[in-house]
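Throughout, a chain's letter reflects where its sequence line sits, starting with A, and its residues are numbered from 1.
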Amino acid sequence: MHEDLNPEQRKAVQTLSGPLLVLAGAGSGKTRVVTIRIAELIQRGVTPSRILAVTFTKKAAVEMQERVSALLGTRLQDRPVVSTFHAHCVRILRRHIRRLGYPERFAIYDRGDQESIARSVLREIKVPGSLLRPGDLLFLISRWKTMCLRPDAAASLAQTDKEHLAAMAYRRYQNTLKVAGAVDFDDLLLLTEQLLETDAEVRRDEAARFDHLLIDEYQDTNGSQYRIVRALARDHQNLCVVGDDDQSIYGWRGAEVQHILRFAEDWPETTVVRLEHNYRSTAAILERANQLISYNKMRYDKVLRPARPGGENPKIEQFANETAEAKSVVSEIKRFLDSREWEPNDFAILFRTNEQPRAFETELRRLKLPYVLIGGMSFFDRKEVRDVFAYLKLLASPQDEVSLLRIINRPPRGIPQGVVQRLTDKAVSNSTTVWNVMTQRENLGMLPGPKQAAIETFVALINRARADLKTKSIVEVVRTLISNIQYQSEIDRQYDDPNERESRWNVVEEVVNAIGVYEKESRKPTVSGFLDEILLSQRDFSDEKENQLKRNGIVLMTLHSAKGLEFPHVYMVGMEEGLLPHHRSIKATDDAIDEERRLCYVGVTRAEERLTLTMALTRMKWGKPRETSPSRFLFEMIGQADKATDTRKSPGPPRRQKQSAPRRHKR
DNA sequence: GCACTGACCGTTTTT
DNA sequence: CGGTCAGTGC
């Protein structure tokens with residue numbers, strides 16, 4: 001089987017028991033090796049459903065599931081479980097979360113929900129935005145949760161004022177979730193970890209469900225994930241982790257390279273397999289990549305060996321400003337396209353920050369070239385999507401406070417802010433939920449007649465829809481609901497531009513269609529089942545990334561989103577100090593610079609045939625042109641690191657002091 | 001409830 | 001520069 005594998009790959013595939021660390025360099029055919037390994041396990045008699053493969057993203061899970069099925073054919077009734085960390089944790093929690101005092105059908109709050117809670121919590125404890133913004137708070141909470149710290153522990157460890165405030169807010173934040181019977185994404189991991197840690201029976205039960213565990217992108221696991229893996233694999237030790245320490249680029253959100261670096265110490269029986277042949281890029285490109293990454297201190301020492309000799313040397317180009325940079329790159333791509341040898345999606349323009357693509361978009365539009373900008377505003381961040389989802393969540397559970405407060409007066413139905421405030425106060429003082437307050441008539445006595453009527457109409461609307469769910473299809477109920485609240489006329493009222501009206505309404509329709517698809521494919525469809533599916537499962541109706549790549553345009557995306565992809569022609573633009581490495585990383589520790597270097601490495605190793613690195617000598621920043629200097633990574637790549645201008649330690653040219661005197665504290 | 005104004009701020013992003 | 005958000009006045 002699989003004669004075309006090289007000896008390293010074969011070893012990775014065939015080491016069937018005990019801990020296995022596969023150090024897979026960029027472009028080494030990692031995905032293929034993992035897939036074949038799963039197939040091999042099954043061929044040697046392992047029951048498919050007793051294999052658990054964990055991936056980092058939904059997309060990766062879907063792809064792996066498809067590859068495995070393709071390899072094994074359809075003869076199997078039984079399949080290996082391929083899942084993301086979070087989705088697997090949900091399954092564990094559904095089975096046992098009662099022990100932690102949560103309802104079995106707990107709701108999962110996404111980023112947007114988290115933000116509204118953060119906002120209201122900060123309002124409650126009267127913290128001005130200048131001290132601690134919702135984003136900062138959520139960042140800290142997330143960090144604490146990954147470190148397995150509860151509010152009390154966080155409070156006692158807090159050092160700065162900011163951290164003390166955040167710890168206070170954390171307590172309230174967590175309380176809000178608990179009362180609503182909801183968890184956030186970090187809780188999925190944290191609570192699972194807690195269950196496995198404190199309840200020996202649960203741990204044994206969950207660990208015994210699988211005989212083999214495979215973890216992909218192991219370099220990106222955070223503390224919780226690490227401990228969960230340990231708890232699940234402890235008994236059988238059949239743990240295969242795959243990853244590349246040089247591609248760890250998510251440290252800023254809690255991933256720790258240390259996990260992959262220390263793996264062999266954690267699991268003493270470990271077999272280590274290194275995949276160091278690169279089948280993707282030419283030798284010329286790989287040489288640059290190897291040079292660059294050798295400047296990182298903490299790493300497995302490895303050198304990618306090219307399977308494709310020769311190749312064009314990567315170009316480094318300087319331009320006067322970002323407009324010239326964009327013009328040159330885009331017109332070069334146009335020449336390639338005119339030659340008809342390449343398709344638009346053979347080209348990728350990679351950048352560090354989201355303001356960079358603007359100049360390129362302008363230029364691409366001017367030359368009428370098709371392009372796709374990956375990332376940006378996600379489907380879920382759209383106001384309309386959030387509204388419809390809030391209604392859905394309310395149908396699933398009216399106790400869902402965050403969703404209720406979002407749409408209680410949207411579209412406007414005569415329940416103004418002041419009334420909502422009184423309802424909330426009442427709920428707090430009765431230690432119940434706003435929904436319960438609204439549904440008990442005696443609670444509404446304090447309000448003037450029309451407001452009472454408005455509330456009763458709203459409650460009736462929701463109750464009616466919930467009752468209809470018993471007899472009608474979800475799509476039908478949701479369509480009726482949306483038409484009852486006259487959501488479309490609300491959109492028309494808010495926006496004058498017909499295009500905008502149409503696109504916003506289309507988004508609503510898309511959600512409804514997705515419900516239809518779910519309902520057709522699911523055996524026992526429920527609203528909360530749909531929400532789970534969309535949030536966590538393998539299917540993703542808004543998979544814009546996928547659709548967009550299929551649309552065959554020149555690909556514009558951040559270095560972060562480029563991980564795992566490959567393109568014949570890659571342009572890495574904005575190769576400047578302050579951008580890559582980003583100035584916030586320069587100000588921080590050396591570790592942060594190392595991560596930026598890995599990010600650069602990820603970019604370089606995306607290129608198959610041609611790599612072009614460009615920079616602008618001046619760049620507009622917040623309306624003003626500013627001088628730049630070449631990224632230190634450019635010098636490192638060509639082996640002249642000593643020539644880099646060190647912006648880090650030398651005081652540098654006398655920087656104009658920003659007029660920082662009377663800026664803050666104006667509220 | 002809503003349109004308007006001015007202050008403020010600026011990395012990466014998945015589940 | 002451009003987007004977001006809180007505050008203001010109707």
Exercise. Are A/K178 and A/F106 in a cation-pi setup, meaning NZ or CZ lies under 6.0 angstrom from the ring centre and within 45 degrees of the ring axis?
Worked result: no
What is the distance, to the nearest angstrom, from the [atom1] atom on [X] to the [atom2] atom on [N]?
X	N	atom1	atom2	answer
A/K383	C/dT4	NZ	P	11 Å
A/L138	B/dT13	CG	C1'	13 Å
A/F185	B/dT13	CZ	P	16 Å
A/R111	B/dT14	CZ	C1'	11 Å
A/I374	B/dT13	CD1	C1'	14 Å
A/F139	B/dT13	CZ	P	15 Å
A/R133	B/dT11	CZ	P	9 Å
A/R352	B/dT13	CZ	P	8 Å

Exercise. What pairs with A/R352 under side chain to side chain donor-acceptor pair (under 3.5 Å), at least two apart in sequence or on another chain?
Worked result: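 If we apply the side chain to side chain donor-acceptor pair (under 3.5 Å) test to A/R352, skipping adjacent residues, the hits are A/E596.
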Which listed nucleotide ([options]) is nearest to the side chain of [X]?
X	options	value
A/R358	C/dG2, B/dT13, B/dT15	C/dG2
A/H582	B/dT11, B/dT15, B/dT14	B/dT11
A/P416	B/dG1, B/dT15, B/dT13	B/dG1
A/T558	B/dT11, B/dT12, C/dG2	B/dT12

For this session: May I ask you to decide if A/L580's main-chain N or O and A/S631's side chain share a donor-acceptor pair within less than 3.5 Å?
Result: yes
Exercise. For A/H86 and B/dT15, are the ring centres under 5.5 Å apart with planes inclined under 30°?
Worked result: no
For this session: Would you check if A/F56 stacks with the base of B/dT14, given a 5.5 Å centroid limit and a 30° plane limit, both strict?
Result: no
Produce the list of close N/O pairs, under 3.5 Å, pairing protein atoms with atoms of nucleotides 2-5 of chain B; give distances to one decimal.
from  : atom 1 : to     : atom 2 : distance (Å)
B/dC2 : OP1    : A/R493 : NH1    : 3.1
B/dC2 : OP1    : A/R493 : NH2    : 2.9

Problem set entry | Member of A/E577, A/E322, A/E325, A/E355 meeting the salt bridge (charged side-chain N to carboxylate O under 4.0 Å, His left out) criterion with A/R619 | A/E325
Exercise. Could you go step by step and tell me if A/D186 and A/S142 meet the side chain to side chain donor-acceptor pair (under 3.5 Å) rule?
Worked result: CA-CA 6 Å; A/D186 295 311; A/S142 178; 3.1 Å; yes
For this session: Please step through side-chain contact (heavy atoms from CB on, under 4.5 Å) for the pair A/I415 and A/V420, ending with a clear verdict.
Result: CA-CA 7 Å; A/I415 310 179; A/V420 175; 4.0 Å; yes
For this session: For the residue pair A/K393 and A/L404, establish whether any side-chain heavy-atom pair is separated by less than 4.5 Å.
Result: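 The answer is no; the side chains never approach within 4.5 Å.
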